[in-house]
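Model, not experiment: these values are computed from the prediction.
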Amino acid sequence: MIEAHQYANLDPGSEIAQCLRSKPVMSFEEWTPLRTQSNQFGPVISEGYSWVELSKIEFQTWIRPEDSAINLENDDPSVYSKGSLFPIENTKDMDAMIGRGVANIRDIILHHLVLLDPEGNHDDVHQWTPPAKVIRWKEIKASLVTAVWATAYNRYKLWHCSLLKHKAEGADDRSTKKARV
């Protein structure tokens with residue numbers, strides 16, 4: 001996941017910060033703006049501030065070449081594929097590569113079965129075809145949406161709690177100074 005811009009905390013002197021400082025920390029339900037199809041990956045704007053905004057979600061996968069280790073620098077399409085879920089959903093190549101990987105696993109299992117029992121009937125394994133889609137992208141996407149919104153809320157909550165902590169430390173400093181006088 002790539003954010004549209006690097007996150008930065010609110011400027012403590014901003015109007016938004018001053019307004020939020022005067023309120024207690026809101027619950028997720030109180031804080032959460034309306035989630036729609038168009039803002040599921042941000043921007044998540046609450047109380048006038050953008051807490052998170054993604055520009056893209058991409059995935060990469062490799063399968064191990066027959067005679068060597070996986071090399072994460074190798075972008076040869078015979079062993080590597082990539083896909084995306086946002087802003088464009090394109091998982092076709094990923095599904096195909098993962099399917100090839102599962103088929104390779106089947107072939108390795110079949111090879112070992114034949115070694116263990118050369119005379120055995122292994123047709124059921126040999127004829128097995130991997131499912132067209134191994135990865136449930138819809139569920140992954142839903143989980144990522146949840147993660148984005150949880151991240152946005154956690155940023156808000158951590159920022160707000162740090163304000164309260166600094167405010168309390170400032171109050172402690174003032175009371176300590178008064179006690180010493």
Side-chain angles (χ1 to χ4, degrees), residues 1-65 69-101 133-174:
M1 293 192 297
I2 308 293
E3 290 198 58
H5 47 82
Q6 186 173 356
Y7 173 74
N9 278 329
L10 271 165
D11 176 2
S14 70
E15 280 185 47
I16 296 170
Q18 291 173 11
C19 178
L20 288 174
R21 187 179 295 122
S22 67
K23 302 178 186 178
V25 176
M26 290 180 267
S27 70
F28 182 77
E29 290 74 21
E30 294 169 317
W31 174 88
T32 304
L34 178 64
R35 186 184 316 177
T36 65
Q37 187 71 24
S38 64
N39 76 348
Q40 61 185 346
F41 291 114
V44 178
I45 299 172
S46 179
E47 302 297 315
Y49 191 72
S50 178
W51 298 95
V52 70
E53 179 178 4
L54 297 186
S55 61
K56 61 183 168 180
I57 299 173
E58 294 181 339
F59 292 88
Q60 302 176 70
T61 191
W62 290 261
I63 58 173
R64 189 174 74 76
I70 291 176
N71 175 357
L72 300 182
E73 303 298 319
N74 185 354
D75 61 357
D76 176 350
S78 68
V79 296
Y80 166 80
S81 74
K82 67 180 182 177
S84 62
L85 284 178
F86 177 78
I88 296 168
E89 193 166 323
N90 178 6
T91 59
K92 184 178 150 195
D93 291 344
M94 291 283 292
D95 288 328
M97 185 62 65
I98 291 167
R100 282 186 52 217
K133 287 202 173 214
V134 176
I135 303 294
R136 293 187 265 174
W137 295 108
K138 191 177 280 189
E139 286 86 349
I140 289 174
K141 193 171 184 178
S143 295
L144 292 173
V145 168
T146 299
V148 165
W149 285 70
T151 297
Y153 177 71
N154 285 332
R155 285 176 173 176
Y156 153 75
K157 188 174 177 182
L158 288 170
W159 174 83
H160 202 289
C161 289
S162 72
L163 275 182
L164 296 175
K165 181 180 175 186
H166 283 69
K167 190 175 178 180
E169 287 172 354
D172 287 348
D173 288 346
R174 286 190 298 277

Trace of the side-chain contact (heavy atoms from CB on, under 4.5 Å) decision for K92 with N90: CA-CA 6 Å; K92 184 178 150 195; N90 178 6; 4.0 Å; yes
Gap between atom [atom2] of [Y] and atom [atom1] of [X] - 0.5 Å precision:
{"X": "Q18", "Y": "D11", "atom1": "CD", "atom2": "CG", "result": "9.0 Å"}
{"X": "E58", "Y": "M94", "atom1": "CD", "atom2": "CE", "result": "10.5 Å"}
{"X": "S55", "Y": "F86", "atom1": "OG", "atom2": "CZ", "result": "8.0 Å"}
{"X": "K138", "Y": "S143", "atom1": "NZ", "atom2": "OG", "result": "13.5 Å"}
{"X": "T91", "Y": "I140", "atom1": "OG1", "atom2": "CD1", "result": "9.5 Å"}
{"X": "I63", "Y": "S81", "atom1": "CD1", "atom2": "OG", "result": "8.5 Å"}

CD (E30) with more than 12 external heavy atoms under 6.0 Å: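 Enclosed: over 12 neighbouring heavy atoms sit under 6.0 Å from CD of E30.
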Donor-acceptor contact below 3.5 Å, side chain H5 vs main chain E53: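 No, because the side chain of H5 does not come within donor-acceptor range (under 3.5 Å) of the backbone of E53.
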Side-chain donor or acceptor of S14 paired with backbone N/O of L10 under 3.5 Å: no
Should [X] and [Y] count as side-chain neighbours, where that means a heavy-atom distance under 4.5 Å?
{"X": "F59", "Y": "K82", "result": "no"}
{"X": "V79", "Y": "D76", "result": "yes"}
{"X": "D95", "Y": "D93", "result": "no"}
{"X": "S46", "Y": "T32", "result": "no"}
{"X": "F41", "Y": "L144", "result": "yes"}

Shortest non-hydrogen contact between [X] and [Y], atoms and distance:
{"X": "T61", "Y": "M97", "result": "CG2-CG, 3.7 Å"}
{"X": "P33", "Y": "V44", "result": "CG-CG1, 4.2 Å"}
{"X": "P12", "Y": "A17", "result": "O-CB, 3.5 Å"}

Evaluation steps, side-chain contact (heavy atoms from CB on, under 4.5 Å), between K141 and E89: CA-CA 10 Å; K141 193 171 184 178; E89 193 166 323; 2.9 Å; yes
Pair L20-H160, side-chain contact (heavy atoms from CB on, under 4.5 Å): steps then yes or no: CA-CA 8 Å; L20 288 174; H160 202 289; 4.2 Å; yes
Option passing ring-ring contact (aromatic ring centres under 6.0 Å, His included) with Y156 (candidates W149, W51, Y49): W51
Side chains of N154 and T151, donor plus acceptor under 3.5 Å: no
No-hydrogen, no-angle side-chain donor-acceptor test under 3.5 Å, W62 and N71: no
side-chain contact (heavy atoms from CB on, under 4.5 Å) between T146 and V148, worked out: CA-CA 6 Å; T146 299; V148 165; over 6 Å; no
Pairing of E3 and R155 as salt bridge, 4.0 angstrom limit: yes
